[in-house]
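These notes concern the structure reproduced below.
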2 protein chains.
Amino acid sequence: MEGQELIRAQISKRRQGPPTRIQRINEARILEAAEEIFALNGYSGAVLERIAERAGISKPNLLYYFKSKKILYQEVLEHTVETWLVPLEEIEESDEPAEAFERYIRIKVEYSRTHPFASKVWANELIHGAPHIGRYLKRRLQPLIDEKARIIEHWIKQGKMDPIDPYHLFFIIWAATQTYADFGEQAAIVKGKKQLTKADFDTAADTITAIVLKGTGMVGAG
Amino acid sequence: MEGQELIRAQISKRRQGPPTRIQRINEARILEAAEEIFALNGYSGAVLERIAERAGISKPNLLYYFKSKKILYQEVLEHTVETWLVPLEEIEESDEPAEAFERYIRIKVEYSRTHPFASKVWANELIHGAPHIGRYLKRRLQPLIDEKARIIEHWIKQGKMDPIDPYHLFFIIWAATQTYADFGEQAAIVKGKKQLTKADFDTAADTITAIVLKGTGMVGAG
DNA sequence: AGCATTTTTGACCAATCAGTCAAAAATTGA
DNA sequence: TCAATTTTTGACTGATTGGTCAAAAATGCT
């Protein structure tokens, strides 16, 4: 269990032409089912039979589309990472810090609410030390964060916000926004509910936004 | 995999008197080894043979001390939860909010640094919906949080801090402090390091403390 | 020393599960 | 219609692993 290297290269490519209608439907169904099963059980705990079942096909049929459990898992991971990075890319130097971060926080909380399985798969991979996707992450995430860190440092020089370590600021925001997906059950238990509601997520976004914006001096103390 | 009920009741109690020296040593060794293996591999991915190996004994011998994998896992969980709750209990109404929260944040970051495996085991359990420890959590954590929430609401009424949802404040602090243990590899990758250093944890504690204290109005805007 | 109790382990079993394979069924294209 | 291709699956296999058991080894006690 220590995957790496370019994921694309490992994926079953037995096709010559474009994917058929059946292929597109089945692969999409499998990936969706896999996301949920991997999220709920982890990599080792996930059983291919159950993923196939949930996708409405047989296990050998699943293996026909994805040559191995590992490859299927990596496809799921890659999909979640890319979605995860999109809102980060939208932070630009020309933005007002308060607006950029409020938008970023709200998008990430909303993503936690609508894609809890994706977030959990991702969290699981990270907890175990990113064994399947570490190298990819280094190539893809590190340069992106370095770029955004420079933007924040620029904002700090301009006096638009307090002097804060940009990396830790991102860690805190990631942690705070994703905790509602990853540890949603804990939050629900603490709040005495069966499940978090949309209102809970909205309050979460409000609270995180308020603390981060005021706490970093992006907006004047209220 | 949906354990519950009083954990103590399930644990092998074949003893009449107090534990012997050998028992204490071996049980401690096993629990320490188990914590690491469960943290690194998850419940399903953890192999008893490996835990035994790391504890320096044979697998049947491990099963002699803990009757099943599930029971061993629950013992590890229970141990981590109790440690986790200690600093929370220390927050008291007579405290100054800024002092109480700064202390709480620093203790939790330090705990993340010194007990990364415990934190990961715990995170893993929560991600999967707290299947083994959900009920215990409800009985133990919920009342405690309710109590601390009342203290915070009292502080808010006294004008000692901004009106903030106390539950979400705790979620944010838990997430921010534990992210350095749970997702430490990600943080290291982003920072271009192999591993986080003590200095990184100190900066983390400083940053979280600064943002939370200022962001909640516990200290005047600097 | 010698007996009782605790501790330790090799050998084994049964269940689970990723992955294979050959053949059947469905689909496509002329 | 009918042959070529793609899709689907039942039946297997081999490896892994949680847990058992009986017997051996170590320890404690008088």
Side-chain angles (χ1 to χ4, degrees), chain A residues 1-3 10-31 33-34 36-38 40-77 131-132, chain B residues 1-3 10-31 33-34 36-38 40-77 131-132:
Chain A
M1 217 226 267
E2 27 67 52
Q10 295 184 7
I11 292 166
S12 71
K13 285 304 158 211
R14 61 201 128 49
R15 291 174 203 141
Q16 24 272 66
T20 67
R21 193 182 55 92
I22 291 178
Q23 282 167 356
R24 263 183 291 117
I25 291 175
N26 279 343
E27 289 180 1
R29 272 192 187 164
I30 292 170
L31 284 172
E36 179 172 345
I37 302 294
F38 279 127
L40 263 32
N41 304 282
Y43 178 80
S44 310
V47 177
L48 289 185
E49 183 85 48
R50 300 301 271 271
I51 296 174
E53 188 185 326
R54 177 146 287 235
I57 60 174
S58 66
K59 185 178 66 164
N61 199 191
L62 184 155
L63 267 326
Y64 169 76
Y65 287 102
F66 297 90
K67 285 218 178 89
S68 74
K69 184 181 186 179
K70 187 172 169 180
I71 288 170
L72 172 59
Y73 178 66
Q74 287 176 323
E75 283 260 27
V76 171
L77 270 185
H132 297 86
Chain B
M1 215 225 271
E2 27 66 54
Q10 295 183 7
I11 291 168
S12 70
K13 287 302 157 213
R14 60 201 130 50
R15 291 173 202 141
Q16 23 273 63
T20 67
R21 192 182 56 92
I22 291 178
Q23 281 167 356
R24 265 184 291 116
I25 289 175
N26 280 341
E27 290 180 1
R29 271 193 188 165
I30 292 169
L31 285 172
E36 179 172 345
I37 301 295
F38 280 128
L40 262 29
N41 304 282
Y43 178 80
S44 311
V47 177
L48 289 185
E49 184 84 49
R50 300 300 273 269
I51 296 175
E53 187 186 329
R54 177 146 287 236
I57 60 173
S58 67
K59 186 179 63 166
N61 199 189
L62 184 155
L63 267 325
Y64 170 74
Y65 287 101
F66 298 89
K67 283 219 178 90
S68 72
K69 182 181 186 178
K70 188 172 169 179
I71 288 169
L72 173 58
Y73 178 66
Q74 288 176 323
E75 284 260 28
V76 171
L77 269 184
H132 297 86

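For clarity, every value in this text was computed on a predicted model and none was experimentally measured. FYI, side chains are in, hydrogens and waters are out, and symmetry mates aren't considered; it's all heavy atoms of this structure. We name chains A, B, ... by the order of the sequence lines, and we start the count at 1 in each one.
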Inset, instruction - Might you point out which heavy atoms bring A:S44 and B:N41 nearest each other, and give the distance in Å? - result: OG-O, 4.3 Å

Legend entry - Whole angstrom value for the distance that separates P of D:dG19 from CG of B:L72: 10 Å

Inset, instruction - Using a 4.0 Å heavy-atom cut-off across all strands, classify B:A46 as base, sugar-phosphate, or nothing. - result: sugar-phosphate

Inset, instruction - Round to a whole Å and report the spacing from CG of A:N61 to P of C:dA22. - result: 18 Å

Inset, instruction - For A:A33 and A:R54, work out which heavy atoms get closest and say how close. - result: CB-CG, 3.7 Å

Legend entry - Rounded interatomic separation in angstrom, taking CD1 from B:I37 and P from D:dG18: 12 Å

Inset, instruction - Round to a whole Å and report the spacing from CG of A:L62 to C1' of D:dT7. - result: 13 Å

Legend entry - Length of the CZ-C1' vector between B:R50 and D:dT17, whole Å: 12 Å

Inset, instruction - Look up atom OG in B:S58 and atom CD in B:E53, then write down how far apart they are to the nearest 0.5 Å. - result: 12.0 Å

Inset, instruction - Grab the OH-C1' distance between A:Y65 and D:dT9 for me, whole Å please. - result: 13 Å

Legend entry - Given C:dT8, D:dG19, D:dT9, the nucleotide with the shortest approach to the side chain of A:P60: D:dT9

Inset, instruction - Compare the minimum distances between each of D:dT8, D:dG19, C:dC17 and the side chain of B:K59, then state the nucleotide with the smallest one. - result: D:dG19

Legend entry - Minimum heavy-atom distance B:L62-B:L48, with the two atoms named: CD1-O, 4.0 Å

Inset, instruction - Using atom CD of B:E49 as one end and atom P of D:dA15 as the other, report the distance to the nearest whole Å. - result: 17 Å

Inset, instruction - Report yes if a side-chain nitrogen or oxygen of A:T20 is closer than 4.0 Å to either non-bridging phosphate oxygen (OP1 or OP2) of D:dT7; otherwise report no. - result: yes

Inset, instruction - Please figure out whether B:R21 or B:L48 has its closest DNA chain D nucleotide nearer the 5' end. - result: B:L48

Legend entry - Presence of A:Q23 side-chain N/O under 4.0 Å of D:dT6 phosphate oxygens OP1/OP2: no

Inset, instruction - Please confirm whether B:K69 makes a cation-pi placement over B:Y43, using NZ or CZ under 6.0 Å from the six-membered ring centre and within 45° of the ring normal. - result: yes

Legend entry - Among C:dT9, C:dC17, D:dT7, the nucleotide that comes nearest once only the side chain of A:Y64 is considered: D:dT7

Inset, instruction - Grab the CG-P distance between B:N26 and D:dT27 for me, whole Å please. - result: 12 Å

